[in-house]
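Below is one structure; the comments refer to it alone.
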Amino acid sequence: KKMSNLKYSGVFPVYKKKAAAQFTIIKIKTDDSGKILKEGSILLEVAPAVPNKDKAYDWTQKISFAISRADIVNLFDNPRAPKRLMHVPPSNSGTTKALEFVPGEGRYLGTYMMKIGENNKQQNVNKYYTVPLSAGEYYCMQSLMMGTLRYLIGWQF
């Protein structure tokens, strides 16, 4: 199938000891005339590992973060030291989410630590997960983001 006919086109997974992440493309929404109603995004979902179980993750405790075109631009203003992304609801009364990629130092140079958090004081929610990314995984994630920009904004070829 062509990518333009799919709601979800596939998943780029990253499974680690303490948490797992998966990146999924969500296509743009258009009306019957082709007018773009909503830009697409890359859905990042991160779940903690289940204690004492090998390669098992609790997806009921996941944090979801929709990475928009504007977020990608902010991340790659400085690809070696990406900016921290914050999603705050307009009323500032709901869930606040943060995503950052922290570059490794010393023997970890070239790697990144992906950190994601979710906070909602009204619902007593405070989750925070980290997923280490190898240089190759970070490169793949960058390529995914850069390569899907044309689909996220409706410039499909």
Side-chain angles (χ1 to χ4, degrees), residues 1-16 18-48 55 57-92 94-105 108-120 127-157:
K1 286 186 175 181
K2 291 173 68 176
M3 182 175 224
S4 60
N5 296 330
L6 299 173
K7 182 175 180 186
Y8 300 103
S9 63
V11 176
F12 171 56
V14 179
Y15 300 109
K16 299 295 175 149
K18 294 186 179 186
Q22 57 187 26
F23 297 85
T24 309
I25 300 168
I26 299 175
K27 75 174 207 163
I28 61 169
K29 292 183 182 178
T30 58
D31 64 14
D32 292 337
S33 68
K35 180 181 175 189
I36 296 173
L37 302 173
K38 186 173 182 179
E39 286 187 10
S41 62
I42 296 174
L43 178 63
L44 168 61
E45 297 172 300
V46 181
K55 297 182 183 178
Y57 304 94
D58 185 355
W59 292 100
T60 65
Q61 294 299 311
K62 73 181 176 185
I63 299 174
S64 298
F65 196 100
I67 302 169
S68 69
R69 175 200 49 82
D71 290 332
I72 294 170
V73 170
N74 283 327
L75 279 174
F76 296 115
D77 269 348
N78 184 356
R80 288 191 172 84
K83 292 180 183 176
R84 184 175 197 225
L85 302 177
M86 293 289 297
H87 286 184
V88 180
S91 63
N92 204 14
T95 300
T96 300
K97 297 180 182 182
L99 173 65
E100 66 181 318
F101 297 88
V102 179
E105 297 177 354
Y108 297 106
L109 192 63
T111 67
Y112 287 80
M113 183 63 71
M114 181 173 60
K115 298 180 178 185
I116 189 167
E118 178 178 338
N119 186 299
N120 186 318
K127 298 187 254 185
Y128 176 80
Y129 308 131
T130 60
V131 180
L133 299 175
S134 68
E137 289 165 335
Y138 187 72
Y139 176 78
C140 287
M141 188 231 20
Q142 278 184 313
S143 296
L144 167 73
M145 289 186 185
M146 300 306 283
T148 57
L149 273 175
R150 65 184 180 166
Y151 296 103
L152 300 182
I153 59 176
W155 293 357
Q156 301 170 15
F157 295 79

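Computed over heavy atoms, backbone and side chain alike; hydrogens, waters and symmetry mates excluded.
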Find the distance between [atom1] ([X]) and [atom2] ([Y]) and round it off to the nearest 0.5 Å.
X      : Y      : atom1 : atom2 : answer
Leu133 : Met141 : CG    : CE    : 6.5 Å
Lys115 : Glu100 : NZ    : CD    : 5.5 Å
Met114 : Tyr138 : CE    : OH    : 11.0 Å
Leu43  : Ile25  : CG    : CD1   : 11.0 Å
Lys62  : Gln22  : NZ    : CD    : 7.0 Å
Leu144 : Ile72  : CG    : CD1   : 8.0 Å

Shortest non-hydrogen separation from [X] to [Y] and the atoms involved:
X      : Y      : answer
Ala19  : Val131 : CB-CG2, 3.8 Å
Thr96  : Pro89  : OG1-CD, 4.2 Å
Glu137 : Pro132 : OE1-O, 3.8 Å
Lys16  : Ser134 : NZ-N, 4.4 Å
Pro103 : Ala81  : CG-CA, 4.1 Å
Leu44  : Ala21  : CD1-CB, 4.0 Å

Going by side-chain contact (heavy atoms from CB on, under 4.5 Å), name the residues that satisfy it together with [X], two or more places apart in sequence or in a different chain.
X     : answer
Asp58 : Pro48, Val50, Thr60, Gln61
Ser68 : Ala70, Asp71
Lys35 : Asp31, Ser33

- [ ] Answer yes or no: is there a donor N or O on one side and an acceptor on the other, between the side chain of Lys97 and the main chain of Ile116, under 3.5 Å?
- [x]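 Answer holds: no.
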Open item on the list: Tell me whether Thr148 contacts the main-chain N or O of Tyr151 through its side chain, where contact means a donor paired with an acceptor under 3.5 Å.
Closed with: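 Here the side-chain-to-backbone pair does not exist.
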Open item on the list: Going by ring pair (Phe, Tyr, Trp, His ring centres under 6.0 Å), name the pairs with one or both residues in residues 59-86, residues two or more places apart or in two chains.
Closed with: Phe65-His87
Open item on the list: Before you tell me yes or no, could you show the steps for Met145 and Ile42 under side-chain contact (heavy atoms from CB on, under 4.5 Å), namely the whole-Å CA-CA distance, both residues' side-chain angles and the distance that decides it to 0.1 Å?
Closed with: CA-CA 8 Å; Met145 289 186 185; Ile42 296 174; 3.6 Å; yes
- [ ] For Tyr57, check ring pair (Phe, Tyr, Trp, His ring centres under 6.0 Å) against everything at least two apart and list the hits.
- [x]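 Once residues adjacent in sequence are excluded, the partners of Tyr57 under the ring pair (Phe, Tyr, Trp, His ring centres under 6.0 Å) criterion are Tyr15.
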Task: With sequence neighbours excluded, residues passing ring pair (Phe, Tyr, Trp, His ring centres under 6.0 Å) with Tyr108 - done: none
Open item on the list: Using the side-chain contact (heavy atoms from CB on, under 4.5 Å) definition, which of the options Ile63, Thr95, Asn120 pairs with Lys127?
Closed with: Ile63
TODO: For the pair Arg69 and Leu149, evaluate side-chain contact (heavy atoms from CB on, under 4.5 Å) and give the outcome as yes or no after the intermediate values.
DONE: CA-CA 7 Å; Arg69 175 200 49 82; Leu149 273 175; 3.8 Å; yes
